[in-house]
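Below: the structure, in structure tokens.
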Amino acid sequence: MTSRRLLLVEDEPSLARTLGDRLAAEGYEVEVAGDGPSGQRLAADGSFDLVLLDVNLPGKNGFDVCRDLRQGGTSTPILMLTARNELVDRVLGLKLGADDYLAKPFETLELLARVEALLRRSRAEASAAASAAAPLQSYRFGNIRVDFDSAQVWRIDDGGSESELACSALEYRLLRFLIEHRGQVHDRDRLLDEVWGYDATPTTRTVDVHVSSLRQKVEPNPGRPAFIVTVHGLGYRFDG
Ligand code: CA
């Protein structure tokens with residue numbers, strides 16, 4: 001794993017040196033800025049994994065730097081450091097978009113623990129965002145596999161071999177929509193809007209007809225649907 005890059009915005013040279021050395025000894029790559037404007041400029045370039053931001057800084061205080069970074073779209077985690085141990089500072093810092101807050105004087109071990117926790121959290125968030133953004137390529141439920149790249153639906157037999165199920169374009173779109181929104185109840189009007197489109201003028205009965213034909217193809221027992229279930233009085237829900 002590549003080393004994590006930290007930006008330390010701290011105007012007190014001895015503290016900047018001590019902290020910088022300690023963080024470097026822990027394996028972090030550390031860059032130091034000695035005033036608000038240069039700290040903000042460096043932080044905004046986005047290549048840091050974490051910003052340690054002092055509050056009392058020459059040129060521009062840490063609160064203003066933090067607020068302007070967030071307003072400018074920088075999402076790098078920010079740990080605020082301040083000499084003033086007042087609740088109002090803590091609340092203000094977090095309100096302006098800081099992720100955590102540490103009052104001076106602090107134990108170095110405490111700082112290291114906070115740094116690690118913030119980096120862990122932002123990594124977890126980044127990987128969750130990446131998997132949420134990745135489009136589904138295929139989806140399997142029961143003995144059915146839907147291939148979203150080729151828009152094909154396959155039935156898998158007991159021996160594991162697949163045969164293609166012939167679905168109409170509307171059946172496929174309906175199935176895909178249900179899978180992509182699995183666990184949610186959709187009333188017939190919503191399905192008409194999402195699958196048929198606003199321009200079409202079919203009736204809600206059309207939805208029932210297509211759901212029924214889709215069940216014939218993908219449900220093991222279409223008379224007692226296990227995947228495309230009816231939610232009485234509300235609509236349909238995919239439970240695969
Ligand atoms: Ca300071």
Side-chain angles (χ1 to χ4, degrees), residues 1-136 180-181 183-184:
M1 182 192 255
T2 56
S3 73
R4 316 296 290 177
R5 298 192 68 230
L6 308 186
L7 174 63
L8 174 57
V9 189
E10 171 61 67
D11 60 310
E12 196 185 309
S14 64
L15 182 59
R17 196 167 47 244
T18 314
L19 266 185
D21 287 352
R22 183 62 202 269
L23 289 163
E26 295 292 324
Y28 296 110
E29 201 179 303
V30 185
E31 195 156 333
V32 177
D35 61 70
S38 67
Q40 181 176 332
R41 203 166 46 244
L42 281 167
D45 93 8
S47 64
F48 291 95
D49 298 299
L50 179 74
V51 179
L52 300 160
L53 181 60
D54 187 26
V55 170
N56 294 311
L57 290 167
K60 188 171 189 176
N61 76 52
F63 290 134
D64 291 343
V65 170
C66 180
R67 185 200 55 223
D68 290 351
L69 282 171
R70 291 302 185 236
Q71 281 178 359
T74 299
S75 59
T76 314
I78 295 176
L79 173 55
M80 307 236 20
L81 309 172
T82 182
R84 297 176 296 177
N85 188 12
E86 291 171 20
L87 183 64
V88 61
D89 280 1
R90 179 182 165 77
V91 170
L92 182 60
L94 297 178
K95 211 169 150 182
L96 293 175
D99 296 87
D100 202 357
Y101 181 99
L102 198 54
K104 294 177 184 175
F106 48 77
E107 298 289 334
T108 310
L109 283 177
E110 172 71 13
L111 177 81
L112 292 173
R114 301 283 188 98
V115 166
E116 275 171 39
L118 280 177
L119 289 173
R120 213 165 35 235
R121 195 165 90 200
S122 76
R123 267 200 303 272
E125 280 165 7
S127 74
S131 58
L136 276 176
E180 287 177 339
H181 300 84
Q184 301 172 16

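When a ligand or atom number is given, it counts from 1 through the structure's own listing order. As a basis for the values below, the full set of heavy atoms in this structure was taken, side chains included, without hydrogen atoms, waters or symmetry mates. Here the structure is a predicted model, which means the values were calculated and not measured.
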* **Candidate pair Asp99 and Arg114, rule salt bridge (Lys or Arg N to Asp or Glu O under 4.0 Å), full reasoning** => CA-CA 10 Å; Asp99 296 87; Arg114 301 283 188 98; over 6 Å; no

* Check step by step if salt bridge (Lys or Arg N to Asp or Glu O under 4.0 Å) holds for Arg123 and Asp49. => CA-CA 9 Å; Arg123 267 200 303 272; Asp49 298 299; over 6 Å; no

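Not one N/O/S atom of Glu12, from backbone or side chain, sits under 3.0 Å from the Ca ion (ligand 1).
In Asp54, the N, O or S atom that comes nearest to the Ca ion (ligand 1) is OD2. With respect to the Ca ion (ligand 1), Asp11 has OD1 as its nearest N, O or S atom.
Contact detail for Met80 and Ala98: the closest heavy-atom pair is CG-CB, 3.3 Å. Thr76 and Ala43 get closest at one heavy-atom pair: OG1-O, 4.5 Å.
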